[in-house]
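One structure is given here, and the rest of the page talks about it.
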Amino acid sequence: MQLFDWIVLIVTLLFIVIYGAWKTKGSKTVDEFILGNNETPWYTVGLSVMATQASAITFLSTPGQAYHDGMGFIQFYFGLPLAMIVICLTFIPIYHKYKVYTAYEYLEKRFDLKTRSLAAILFLFQRGLGTGLTIYAPAIILSAILGWNLTYMNIVIGVLVIVYTFSGGTKAVNVTQKQQMFVIMSGMLITFFLILHFLPNDMTFSNALHIAGANDKMKIVSFSTDPEDKYTIWSGVTGGFFLALAYFGTDQSQVGRYLSGKSVRESQMGLIMNGLLKVPMQFFILLTGVMVFVFFQFNPVPLNFNPNNKITIEKSAYKDEYHVLEKELDVLSEDKKVINLLYIDQLNQDYDNPILRKELIALSTKEKDLRDRAKEIILKADSNSETNDKDYVFFHFILNYLPKGLIGLLLAVIMSAAMSSTASGLNALASTTAIDIYKRNVKGVKSDKHYLNVTKFFTLFWGIVAILFACIGTLFENLIQLVNIIGSIFYGTVLGIFLVGFYIKFVKAKAIFYSALISQTTIFIIYYYAIAIYPSGEEKLGYLWLNFIGAMLTILLSSMMQASIFRKNKEKITA
């Protein structure tokens with residue numbers, strides 16, 4: 001980090017915070033704080049929805065995911081465009097019809113207070129945990145690589161977000177997320193073209209794709225029917241569809257973004273914008289990771305990208321054993337560079353040499369074997385070490401190969417992404433706690449000013465909770481890996497409640513409430529016995545299926561339970 005990098009980072013972040021606080025200048029009513037007075041145009045809705053989902057994990061982990069496993073992760077998003085259409089046709093018109101502040105308000109109008117409270121509590125639990133993760137995950141990576149104090153990092157990110165979210169509520173979140181998306185996409189585009197620029201001079205983009213393909217990084221679609229495979233077209237279109245439907249349709253952090261739209265049409269256009277741009281955006285981020293992989297075919301690469309593991313090894317009795325593997329990797333890297341240059345030369349002559357392809361695959365296999373052996377040594381040195389280094393790949397490239405100024409910009413990208421997701425999370429947690437829990441249970445008539453102050457108080461409360469959770473995050477193992485799983489555990493049941501409310505009119509309150517409890521309990525059991533007790537990569541069920549199972553279970557159980565209630569009532573009347 002040079003002085004110029006620090007200037008770029010600090011100026012960018014301060015501009016976002018100060019601009020957001022100044023532009024909104026504090027809200028005077030609950031409508032303004034939670035719904036932004038319904039003044040948000042469709043393009044701001046679309047950008048805000050995208051920024052809410054694009055957490056720092058997206059820009060840290062996704063390129064690393066592609067580096068190790070290729071483009072297959074894109075299938076995770078295949079169900080998203082279809083989910084956007086369903087939400088636009090059903091969810092948005094109903095939410096606007098009932099003029100709700102939160103998604104869970106609708107459930108009391110359709111069912112009863114118990115069902116509304118259950119859905120709100122499930123949301124508060126998973127989003128409260130998730131918001132802490134959006135702070136902790138980037139903070140732990142930044143602190144590990146840059147040597148910054150982890151606790152200070154958590155506090156800085158959390159406080160920056162609280163400042164403008166407390167001041168302007170939804171309007172402040174929407175306004176700042178436009179700036180954050182601009183910073184994020186500018187940084188990623190610049191980085192992508194710099195990677196291409198850093199590749200050997202006679203190498204075209206087409207050559208780079210051939211090298212990635214030869215190393216099995218360009219396999220976009222898998223038609224495997226094995227339930228243990230995490231990412232296939234089937235899990236993406238079904239599990240991904242239900243996850244997107246639940247996240248964008250029932251999670252207040254997203255619902256709050258489009259409830260602030262000027263009209264039903266503006267909200268719908270914002271979501272359609274997200275549906276059209278989200279998959280290409282994720283494809284581009286994954287492709288950036290693949291290009292980083294191609295770049296490292298011609299440049300030195302560490303045995304493990306997590307710098308903490310290198311420190312652990314150097315302090316252990318296994319450092320000589322590890323150094324032997326490092327020397328083997330250096331030799332292998334030189335061989336890899338020579339073969340890749342020969343392969344490019346053949347490609348420039350319009351000949352895809354199958355012999356060289358086989359050699360590339362063989363070298364990649366040897367490198368993977370070296371990395372696996374290195375992980376075993378790291379675990380011998382410290383059994384609690386996190387050997388999964390996917391989250392550190394992109395950051396290693398940023399710090400070691402980007403020019404001055406751009407390092408600061410990419411750090412601003414990561415911090416901006418963390419802030420945008422955290423801000424939406426705090427705003428949603430405060431709105432749900434104030435409207436669905438506090439207002440619904442407090443006795444007596446209170447003024448609009450009272451509820452505004454309560455909502456602001458809960459913004460501050462949840463901000464402090466998120467920071468505290470992030471600060472104690474080191475007590476939990478593999479915390480970052482939980483980010484994509486947490487939602488899948490809870491979303492299915494909540495989505496099932498909403499789908500029954502929207503489409504299955506004969507199901508009443510008692511049936512849906514107890515069915516949801518049974519469904520959520522079942523999901524906990526399935527998650528534990530099919531996923532949690534197995535090491536990463538050996539799970540018996542891809543976590544995306546939890547969304548589908550939870551939703552379907554809630555729908556089927558409530559329908560069967562309601563039919564049983566009708567039958568018993570009929571028998572009583574007959575008797």
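From a predicted model like this one, the values you see are computed outputs, not experimental measurements.
Side-chain atoms of Arg371 come within 3.5 Å of backbone N or O of Leu303 as a donor-acceptor pair. The closest donor-acceptor contact from the side chain of Gln252 to the backbone of Tyr101 lies under 3.5 Å. At least one donor-acceptor pair closer than 3.5 Å links the side chain of Thr433 to the backbone N or O of Leu429. With hydrogens and angles disregarded, no donor-acceptor distance shorter than 3.5 Å links the side chain of Glu539 to the backbone of Ala530. Using a distance-only test at 3.5 Å, with no hydrogens or angles considered, no donor-acceptor pair links the side chain of Tyr95 to the main chain of Tyr258. Although no hydrogens or angles enter the test, the distance criterion places a donor-acceptor pair under 3.5 Å between the side chain of Thr191 and the main chain of Gly187.
Counting heavy atoms from C-beta outward, Arg116 and Tyr106 have side chains that stay 4.5 Å or more apart. With a 4.5 Å cut-off on side-chain heavy atoms, Glu376 and Thr387 do not count as touching. In this structure the side chain of Tyr392 reaches within 4.5 angstrom of the side chain of Pro307, judged on heavy atoms. For the pair Thr250/Phe91, a side-chain contact is recorded, criterion being any heavy-atom separation below 4.5 Å from C-beta on. By the 4.5 Å heavy-atom criterion applied to side chains, Ile437 and Leu124 are counted as neighbours. At least one side-chain heavy atom of Met281 sits under 4.5 Å from a side-chain heavy atom of Ile285. For the pair Thr288/Phe394, a side-chain contact is recorded, criterion being any heavy-atom separation below 4.5 Å from C-beta on. Between Val255 and Thr102, the closest side-chain pair of non-hydrogen atoms is not below 4.5 Å.
Counting all heavy atoms, side chain and backbone alike, Leu80 lies closest to Ala244 at CA-CB, 3.9 Å. The heavy-atom pair separating Thr554 from Ile497 by the smallest distance is CG2-N, 3.8 Å. The minimum heavy-atom distance linking Val45 with Ser267 is given by the pair CG1-O, 4.3 Å. The two residues Tyr491 and Ala246 have their closest heavy-atom pair at CB-CB, 3.4 Å. Nearest heavy atoms, Ile313 versus Ala381: CD1-CB, 4.1 Å. Nearest heavy-atom pair across Gly46 and Met273 is CA-SD, 3.8 Å.
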> Step by step, would you call His68 with Phe73 a ring pair (Phe, Tyr, Trp, His ring centres under 6.0 Å)?
Replying inline: CA-CA 11 Å; His68 282 289; Phe73 184 67; over 10 Å; no

Given Asp112 and Thr115, is the side-chain hydrogen bond (donor to acceptor under 3.5 Å, both in side chains) satisfied, shown in steps?
CA-CA 6 Å; Asp112 61 3; Thr115 305; 2.8 Å; yes

*asked:* Apply side chain to side chain contact (heavy atoms under 4.5 Å, CB included) to residues Trp462 and Thr131 and explain how you reach the verdict.
replied: CA-CA 9 Å; Trp462 281 109; Thr131 302; over 6 Å; no

- Task: For side chain to side chain contact (heavy atoms under 4.5 Å, CB included), just list the numbers for Asn427 and Thr459, CA-CA rounded to whole Å, side-chain angles, deciding distance to a tenth of an Å, and then say yes or no.
- Result: CA-CA 6 Å; Asn427 186 242; Thr459 301; 5.5 Å; no

Exercise. Dump the intermediate steps for side chain to side chain contact (heavy atoms under 4.5 Å, CB included) on Ile435 and Tyr104, then the final yes or no.
Key: CA-CA 9 Å; Ile435 301 299; Tyr104 317 109; over 6 Å; no

- Could you give me the CA-CA distance, side-chain angles and deciding distance for Leu243 and Phe76, then say whether side chain to side chain contact (heavy atoms under 4.5 Å, CB included) is met? CA-CA 9 Å; Leu243 175 59; Phe76 178 92; 3.4 Å; yes

**Prompt:** Should Arg440 and Glu108 be marked as a salt bridge (Lys or Arg N to Asp or Glu O under 4.0 Å) after you check the CA-CA gap, both sets of side-chain angles, and the distance that decides it?
**Reply:** CA-CA 10 Å; Arg440 191 59 190 83; Glu108 182 175 359; 2.5 Å; yes

- [ ] Given ring pair (Phe, Tyr, Trp, His ring centres under 6.0 Å), test Tyr67 with Phe305 step by step and report yes or no.
- [x] CA-CA 12 Å; Tyr67 180 95; Phe305 286 95; 5.5 Å; yes

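Interatomic distance, CG of Asp251 versus OG1 of Thr432, reported as 8.5 Å (0.5 Å rounding). Interatomic distance, CG of Asp436 versus CG of Leu113, reported as 9.5 Å (0.5 Å rounding). In this structure, Ser385 OG and Ile311 CD1 are separated by 11.0 Å, a value rounded to the nearest 0.5 Å. Atoms OH and OG, on Tyr247 and Ser253 in that order, are 4.5 Å from each other to the nearest 0.5 Å. Taking CE of Met84 as the start and CZ of Phe241 as the end, the distance is 9.5 Å to the nearest 0.5 Å. Considering CZ of Phe498 and CD1 of Ile512, their distance stands at 10.5 Å, rounded to 0.5 Å.
Heavy-atom neighbours of Tyr152 OH from other residues, nucleotides or ligands within 6.0 Å: at or below the threshold of 12. The neighbour count for Tyr529 OH, taken as heavy atoms of other residues, nucleotides or ligands under 6.0 Å away, does not exceed 12. For Phe4, the CZ atom counts as loosely surrounded, since its 6.0 Å shell holds 12 or fewer non-hydrogen atoms of other residues, nucleotides or ligands.
Look at Lys109 and Glu105 and you find no salt bridge, because none of the NZ, NE, NH1 or NH2 atoms lies under 4.0 Å from a carboxylate O. Ion pairing between Asp389 and Lys375 fails under the 4.0 Å rule for side-chain N and carboxylate O.
Ring to ring, Phe490 and Phe125 are close: their centroids are under 6.0 angstrom apart.
Taking the ring axis of Tyr534 as reference, the NZ or CZ atom of Lys540 stays within 45° of it and closer than 6.0 Å to the ring centre.
Side-chain atoms of Asn274 and Arg257 include no donor-acceptor pair closer than 3.5 Å. With 3.5 Å as the limit, one finds a donor-acceptor pair spanning the side chains of Asn547 and Ser488.
Under the 30°/60° scheme for interplanar angles, the aromatic rings of Phe457 and Phe461 are found to lie parallel.
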